[in-house]
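Below is one structure; the comments refer to it alone.
Just so you know, ligand 1 is whichever comes first in the structure, and atom 1 is the first atom listed for that ligand.
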Amino acid sequence: MSIYVLLKQVPGTSDVKMDEETGTMIRTEHKNVINPLDENALSEAIRIKGAKPEVKVTAISMGPPHAQKALREAIALGADEAVLMSHRGFSGSDTLATSKALAKALMTLAGGRLGKDDLVLCGERATDGETGQVGPMVSAILDVPVVTYVRKIVLKDHYIEAERVVEEGLELIRTSLPAVVTVVKDINQPGFPTLSGKLRAKSKEIPILTPLDLGLSQEDVGLQGSPTRVVKVFRPRLSRDTIMQKQDSSCVAVDSLMSFLEERGII
Ligand SMILES: Cc1cc2nc3c(=O)[nH]c(=O)nc-3n(C[C@H](O)[C@H](O)[C@H](O)COP(=O)(O)OP(=O)(O)OC[C@H]3O[C@@H](n4cnc5c(N)ncnc54)[C@H](O)[C@@H]3O)c2cc1C
């Protein structure tokens, strides 16, 4: 059984900045972290491996060369292998192009198609793009089941049971494998890297795949493969005025406040 963890490197949450001219995210090498929910996905894979040591955990990321750092962290945390998809041809990919590329990488790594017990784990959403589309899109492209918003996974023989968080409570879903599961933060408390993990991460070779390696053309990925166009990016301007009113009694103050709200059609 193989578990593939889709892992995205994102800017630290307070650090997301957009280029208003180009409509793209400004990504610098500094203060990038593993998308927090992807750490939960990875921890879940490692938990499953803990009970079934024959499981192989592979972390996969598509991103700039410095995303290697996130993958080394994944190895330090317990992943067996890590693969980076990085090339100029991938840049500008929207969620569809990203999902196509990730699905193709999964098929390639699995030797053509996912194995009958394989599982793909990812975060429910990434803190930067935040669309929550990639997991379900990857499953649609691979034509395998998807279970979203999962907070518990129980691995059975050739299938899983998953507790899915919905507005009214929880759903218990049973699905055959292979499948894609997107996780929420309640699923676990991510662990810490071990010393031996850190040492392994240092020397581990991380293969870098290009669109060509995956048999993808320029029309499949990058800007050309992305039907989404960011028309405009802007920061909403918030303005607040404060009006101080001093009244002799609370009754007068309340009357004054009521008239103020009525005049403006608020009540
Ligand atoms: C028109 C357009 C142009 C864009 N241009 C750029 C650009 O130039 N450069 C750029 O970096 N981004 C660009 N983006 C953003 C890019 O599309 C998203 O980063 C990407 O599609 C993932 O979407 P998301 O962040 O909403 O992921 P979500 O769907 O919220 O992520 C869900 C989960 O999917 C997995 N996942 C998502 N992305 C990756 C990944 N890359 N690798 C591994 N796992 C992943 C993770 O497990 C994650 O938790 C662009 C988006 C649009 C719409």
Side-chain angles (χ1 to χ4, degrees), residues 3-11 13 15-29 32-45 57-71 73-74 79 82-106 109 119-142 146-150 180-185 187 190 206 208-209 211 214 216 220-233:
I3 303 182
Y4 300 96
V5 181
L6 304 185
L7 189 145
K8 187 179 184 190
Q9 195 188 44
V10 295
T13 40
D15 201 29
V16 176
K17 293 195 184 89
M18 298 299 291
D19 184 329
E20 298 198 4
E21 293 270 302
T22 61
T24 55
M25 210 169 280
I26 300 168
R27 289 164 196 271
T28 57
E29 197 169 334
N32 285 323
V33 295
I34 297 178
N35 179 47
L37 290 177
D38 301 351
E39 276 196 61
N40 293 100
L42 179 65
S43 296
E44 197 55 19
V57 177
T58 305
I60 306 172
S61 190
M62 175 173 136
H66 59 72
Q68 266 201 42
K69 183 169 168 276
L71 290 171
E73 277 174 54
V83 175
L84 177 63
M85 300 151 64
S86 191
H87 186 265
R88 192 175 292 194
F90 289 124
S91 66
S93 292
D94 66 1
T95 50
L96 179 64
T98 302
S99 306
K100 267 191 202 166
L102 289 170
K104 200 71 200 290
L106 285 163
L109 293 171
L119 183 61
V120 179
L121 294 179
C122 54
E124 172 258 307
R125 69 195 151 90
T127 52
D128 54 355
E130 237 188 347
T131 64
Q133 293 176 1
V134 171
M137 274 192 192
V138 167
S139 82
I141 296 165
L142 293 173
V146 62
V147 191
T148 50
Y149 302 103
V150 168
V180 175
V181 170
T182 80
V183 307
V184 296
K185 76 170 168 44
I187 195 162
I206 298 185
I208 297 184
L209 300 180
L214 297 171
L216 292 164
D220 293 321
V221 287
L223 276 177
Q224 281 192 57
S226 300
T228 319
R229 288 285 165 271
V230 177
V231 179
K232 188 176 178 191
V233 176

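Distances between N or O atoms of Gly132 and those of ligand 1 include at least one value under 3.5 Å. Residue-to-ligand polar distances keep Cys122 apart from ligand 1: every N/O pair is separated by 3.5 Å or more. Polar contact check, Thr228 against ligand 1: no nitrogen or oxygen pair lies under 3.5 Å apart. Taking only nitrogen or oxygen atoms, main chain and side chain alike, Leu102 does not reach within less than 3.5 Å of ligand 1. Backbone and side-chain nitrogen or oxygen atoms of Leu6 are examined, and one is located within less than 3.5 angstrom of a nitrogen or oxygen of ligand 1. Some N or O of Val134 is nearer than 3.5 Å to an N or O of ligand 1, by distance alone. An N or O contact shorter than 3.5 Å is missing between Val230 and ligand 1 by distance. Residue-to-ligand polar distances keep Ser91 apart from ligand 1: every N/O pair is separated by 3.5 Å or more. Checked against a 3.5 angstrom limit, the closest N/O atoms of Gln133 and ligand 1 fall inside it. The shortest N or O to N or O distance between Glu124 and ligand 1 is not under 3.5 Å.
When atom types are taken as modelled, the side chain of Ser93 and the backbone of Val221 share no donor-acceptor pair closer than 3.5 angstrom. For Thr58 (side chain) and Ala82 (main-chain N/O), no donor-acceptor pair under 3.5 Å exists by modelled atom type.
In summary, the atoms of ligand 1 found under 4.0 Å from a heavy atom of Asp128, numbered by their order in the structure, are 25 (O). With ligand atoms numbered from 1 in the order given, ligand 1 contributes 42 (N), 43 (C), 44 (N) to contacts under 4.0 Å with heavy atoms of Leu7. Contact atoms of ligand 1 toward Ala126: 25 (O), 27 (O), 28 (P), 30 (O), 31 (O), 32 (C) (distance under 4.0 Å to a heavy atom of the residue). Of all atoms in ligand 1, numbered sequentially from 1 with element shown, those under 4.0 Å from a heavy atom of Ile60 are 43 (C).
Not a single heavy atom of Thr182 sits less than 4.0 Å from an atom of ligand 1. Heavy atoms of Gly63 come nearer than 4.0 angstrom to ligand 1 in no pair at all. Under a 4.0 Å heavy-atom criterion, Leu37 is not in contact with ligand 1.
Listed by chain and number, the residues in a salt bridge (Lys or Arg N to Asp or Glu O under 4.0 Å) with Glu44 are Arg47 (sequence neighbours excluded). Residues passing the salt bridge (Lys or Arg N to Asp or Glu O under 4.0 Å) test with Lys185, sequence neighbours excluded: none.
Around atom 18 (C) of ligand 1, the closest heavy atom drawn from Met85, Glu39, Lys8 belongs to Lys8. Of the candidates Gly135, Gly129, Ser99, Ser93, Ser93 brings a heavy atom nearest to atom 16 (C) of ligand 1. Ranked by closest heavy atom to atom 33 (C) of ligand 1, the top entry among Gly222, Gly92, Gly123, Pro136 is Gly123. For atom 40 (C) of ligand 1, the nearest non-hydrogen atom from the set Met62, Arg229, Gln9, Glu130 belongs to Met62.
Ser139 and Val180 make their closest contact through CB-CG2, 3.6 Å (heavy atoms, listed as atom of the first residue, atom of the second, distance). Smallest separation of non-hydrogen atoms from Thr127 and Asn35: N-OD1, 3.0 Å.
The structure places OG of Ser99 at 8.5 Å from CG of Asp94, a figure rounded to the nearest 0.5 Å. To the nearest 0.5 angstrom, Lys69 atom NZ is 8.5 Å from Ile34 atom CD1. Annotation: the span from Asp38 atom CG to Lys8 atom NZ amounts to 9.0 Å, rounded to 0.5 Å.
Between Met85 and Leu214, some side-chain heavy-atom pair lies under the 4.5 Å cut-off. No side-chain heavy atom of Thr98 sits less than 4.5 Å from a side-chain heavy atom of Met137.
The one candidate from Thr95, Val146, Leu102, Thr182 that meets the side chain to side chain contact (heavy atoms under 4.5 Å, CB included) condition with Val138 is Leu102.
Here Val138 has no heavy atoms under 4.0 Å from ligand 1, in either its backbone or its side chain. Contact annotation: for Asp94 versus ligand 1, heavy atoms closer than 4.0 Å belong to both the backbone and the side chain.
Heavy atoms from other residues, nucleotides or ligands lying under 6.0 Å from CZ of Arg88 number 12 at most.
Salt bridge annotation for Asp220-Lys104: absent, with no cationic side-chain nitrogen under 4.0 angstrom from a carboxylate oxygen.
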